[in-house]
There are 2 protein chains.
Amino acid sequence: MTNRQPTLDEVAQRAGVSRGTVSRVMNNRQHVSGKAREAVERAVRELGYVPSMAARSLASQRRGAVVLAISSDDSALFSNLFFAEVITGINDVIEETDLELLLVLAASERGRNRLARILQSRGADGVLLLALRENDPLAKIAESGGVPVVHGGRPLERAPRHYVDADNRGGARQAVEHLIATGRRAIGTITGPLDMHAGVNRYLGFREAVALAGLGDERVAHADFSQAGGAAAMAELLDRHPDLDAVFVASDAMAVGALEVLRGRGRTVPGDVAVIGFNDIVTARHTSPPLTTIRQPIEALGREMTRMLVRLINDEKPTSLILPTELVIRESA
Amino acid sequence: MTNRQPTLDEVAQRAGVSRGTVSRVMNNRQHVSGKAREAVERAVRELGYVPSMAARSLASQRRGAVVLAISSDDSALFSNLFFAEVITGINDVIEETDLELLLVLAASERGRNRLARILQSRGADGVLLLALRENDPLAKIAESGGVPVVHGGRPLERAPRHYVDADNRGGARQAVEHLIATGRRAIGTITGPLDMHAGVNRYLGFREAVALAGLGDERVAHADFSQAGGAAAMAELLDRHPDLDAVFVASDAMAVGALEVLRGRGRTVPGDVAVIGFNDIVTARHTSPPLTTIRQPIEALGREMTRMLVRLINDEKPTSLILPTELVIRESA
DNA sequence: ATGAAAGCGCTAACAT
DNA sequence: ATGTTAGCGCTTTCAT
């Protein structure tokens, strides 16, 4: 059980070659003859040799690991399937590359310090950051680690150097175009917070689409992505624009609130008012009626973030990415 | 930026002591005089010294990390807030102990091999396993790593050596007792699969509670924890026992299906039939009526699993744990 | 209580 | 193409 693992030297001896050669084989280097390579591979197999990560990273000065840092109390991120999906995507790429994935929940001061320490101790070759809010201190900490950083989603102000994001604007446009295509004309929107990138861009997408169709863009209420906020905004919208026949709601959570208000006011959905959300949270399937919404390519987001990070670690120069969204038609629009 | 980190030797020099002493201080060892300790601590602070994990693990033969391995395609685990909560609990303890957390999705053959390699290369000091299904190959792989393993939840057959589980049986009993306390007498149950530990034990809890109250336990239908299964079982139950005035459903997903059938058959909830679920998934808040259910202490589960693992790593002999559940009263019962 | 010295198992630079 | 030689930065005996 606790049989000491064989070392590289033992493999070298068994294969009848030098340690240098074994090392070269283990790292797929060139300058190794076919027979030498074979001999080593056999020895490795026979001995069940697995290189020691610790020794390897000490000697090579790289860790063979990346860290995924999360400001976790952000429940929008953590709930739903978001996290599961993004992790799945990340894992796909991690598996291909033989890196390890370190998970750090860095919501608290303490967690942030941990991240800082890990980076300072060269505990990781790169950092993956998810859906940071405005001025999240994590960004600076990650940046100061001296290793590449890739953001999933982007803060409003300055776009990070390397990010992957969903096409919020395009998704919003897509949603409104669907509304238009199904005959709606008095289209309103409930926006998210306009100090968030997603909030702003979904609003811009709405405006773009109505403008393109020659419709008015005056039916607007602002909220905060929450269900309660969505309900309040829906009430406001209905009061100010009784003619409303469709509403693009910038998050599913808000849409749930909107649906409640609509029902309370005796408006049928989608009969009187069509409703379309954004995110495709699980709940969207279970509202009544089931919510038509815009789905983000979350697994792809994880995958592309990680690919980008791997490229950066290998000193390539990848470019930031925006991933397309998808319209999921259910019954509310 | 890429200023080389100071080494232990530099700290020693600056503090005017030997490397041995610095090492002892860094690891909170005794046999260090007050002044020596202080001098070292000052030097550490001034130099911003952070020990190299790689060197440390190479020299000490331990990794300073534990791995959380997941058979991820199990969506029951990954959806809801389960994952978020259990991770939060794990992270709490990890933070206290200065371990690192490695995440390995080991659903595929490839993922499993990765786990095996990590363990063989002494890449982790312990393994956390979550909610494995029957005969999951992960159990053996983890076991063969030569490091301690802690299970969250337990397989039906042989209980693992070290596990933390929720009190499925007690939770079920609690649910049924609530039904009884609110005046129900013709109580049925929709069980989960009886080849799963949770399935069996929730059923046992039901039987215990009705027996204790002198009620019959004949109103039973079996399903598979899924929404569709729950719907079918509800229909069956209603057909066979029209007198039913309450039902304990062994999972919220099934309860959602049951609620639909009840509505379809014109039975009001909780008027005609009270319904109580198990798990407290997010959706439970949004069914109509909102679902009364049994909540598992998921964050505590993560916390206790990790505590147990840490103890095992330190060669202590912790005992397995069963954590109490909580009744969440909403409107369906 | 502290210092000195010998590795931990690998990679990388330099020879050959 | 392969062998040789230093380390990588720490922990850990063993002395003292």
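The chains referred to below are lettered A, B, ... by the order of the sequence lines, with proteins before strands, and numbering in each begins at 1.
At least one side-chain nitrogen or oxygen of B:Q61 sits closer than 4.0 Å to the OP1 or OP2 atom of C:dG9. Phosphate proximity of D:dC8 to A:S57: absent, as no side-chain N or O sits under 4.0 Å from OP1 or OP2. For B:T21 and C:dA1, the shortest distance from a side-chain N or O to OP1 or OP2 is not below 4.0 Å.
A:H31 places its NE2 atom 15 Å from the P atom of D:dG3, with the value rounded to the nearest Å. Look at CZ on A:R63: it is 15 Å from P on D:dG9, rounded to the nearest Å. Between A:R122 atom CZ and D:dG9 atom C1' the separation is 14 Å, expressed in whole Å. Atom CG of B:L8 is separated from atom P of C:dA4 by 14 Å (rounded to the nearest Å). Atom CG of A:D9 is separated from atom C1' of D:dG3 by 13 Å (rounded to the nearest Å). B:M53 has its CE atom 20 Å from the P atom of C:dC8, to the nearest Å. Across the protein-nucleic acid pair, A:Q120 atom CD and D:dG9 atom C1' stand 16 Å apart, rounded to whole Å. Whole-Å rounding puts the B:L58 CG to C:dC8 P distance at 9 Å.
Of the listed nucleotides (C:dG9, D:dT12, C:dT11), C:dT11 has the atom at the smallest distance from the side chain of A:R56. Closest to the B:A55 side chain, of the nucleotides D:dC10, C:dT2, D:dT12, is D:dC10.
When each of B:S60 and B:K35 is assigned the nucleotide of DNA chain C with its nearest heavy atom, B:K35 is the one assigned upstream, toward the 5' end.
Applying the 6.0 Å contact sphere to CZ of A:R110 captures more than 12 heavy atoms from other residues, nucleotides or ligands.
For the pair A:P318/A:L312, a side-chain contact is recorded, criterion being any heavy-atom separation below 4.5 Å from C-beta on. Put simply, the side chain of B:H162 does not reach to within 4.5 Å of the side chain of B:P148, judged on heavy atoms. Looking at heavy atoms from C-beta onward, B:R56 lies out of side-chain contact with B:L8 at the 4.5 angstrom threshold.
The two residues B:A15 and B:A39 have their closest heavy-atom pair at CB-O, 3.7 Å. Closest heavy-atom contact between A:P51 and B:S121: O-CB, 3.1 Å. Here the shortest heavy-atom pairing between A:L138 and A:A69 reads CD2-CB, 4.2 Å.
Between B:E38 and B:K35 no salt bridge is recorded (no basic side-chain N to carboxylate O distance below 4.0 Å). A salt bridge does not link B:D125 to B:R63: none of the charged side-chain nitrogens sits closer than 4.0 Å to a carboxylate oxygen.
Contacts of B:D92 classified as salt bridge (Lys or Arg N to Asp or Glu O under 4.0 Å), with partners at least two apart in sequence or in another chain: B:R303. Applying the side-chain hydrogen bond (donor to acceptor under 3.5 Å, both in side chains) test to A:R37 and every residue at least two apart in sequence or in another chain returns nothing.
Contacts between residues 41-50 of chain A and DNA chain C, defined by a heavy-atom separation under 4.0 Å, are made by A:Y49. Of all the residues in residues 23-30 of chain A, A:R24 reach under 4.0 Å from DNA chain D with at least one non-hydrogen atom.
Taking CG of A:L115 as the start and CG of A:L68 as the end, the distance is 10.5 Å to the nearest 0.5 Å.
Checked options A:N91, A:L102, A:I87, A:I94; the residue passing with B:L103 is A:I87 (criterion: side chain to side chain contact (heavy atoms under 4.5 Å, CB included)).
Counting only N and O atoms by type, the side chains of A:D9 and A:Q13 include no donor and acceptor under 3.5 Å apart.
Residue contacts for B:A54: at a heavy-atom cut-off of 4.0 Å it reaches no nucleic acid atom on any strand shown. Using a 4.0 Å heavy-atom criterion, one finds that A:R37 contacts no nucleic acid atom at all.
Direction of the helix axis in the helix from C:dA1-D:dT16 to C:dT16-D:dA1 shifts by 30° between the two five-pair termini, rounded to 10°.
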Under-3.5 Å N/O pairs linking protein and nucleotides 5-7 of chain D:
{"unit_1": "D:dA6", "atom_1": "N6", "unit_2": "A:R19", "atom_2": "NH2", "d": "3.0"}

(message) What verdict does the salt bridge (charged side-chain N to carboxylate O under 4.0 Å, His left out) test give for A:K140 and A:E143, after you've listed the backbone C-alpha separation in whole Å, the side-chain angles of each residue and the deciding distance to 0.1 Å?
(response) CA-CA 5 Å; A:K140 246 165 292 176; A:E143 230 61 69; over 6 Å; no
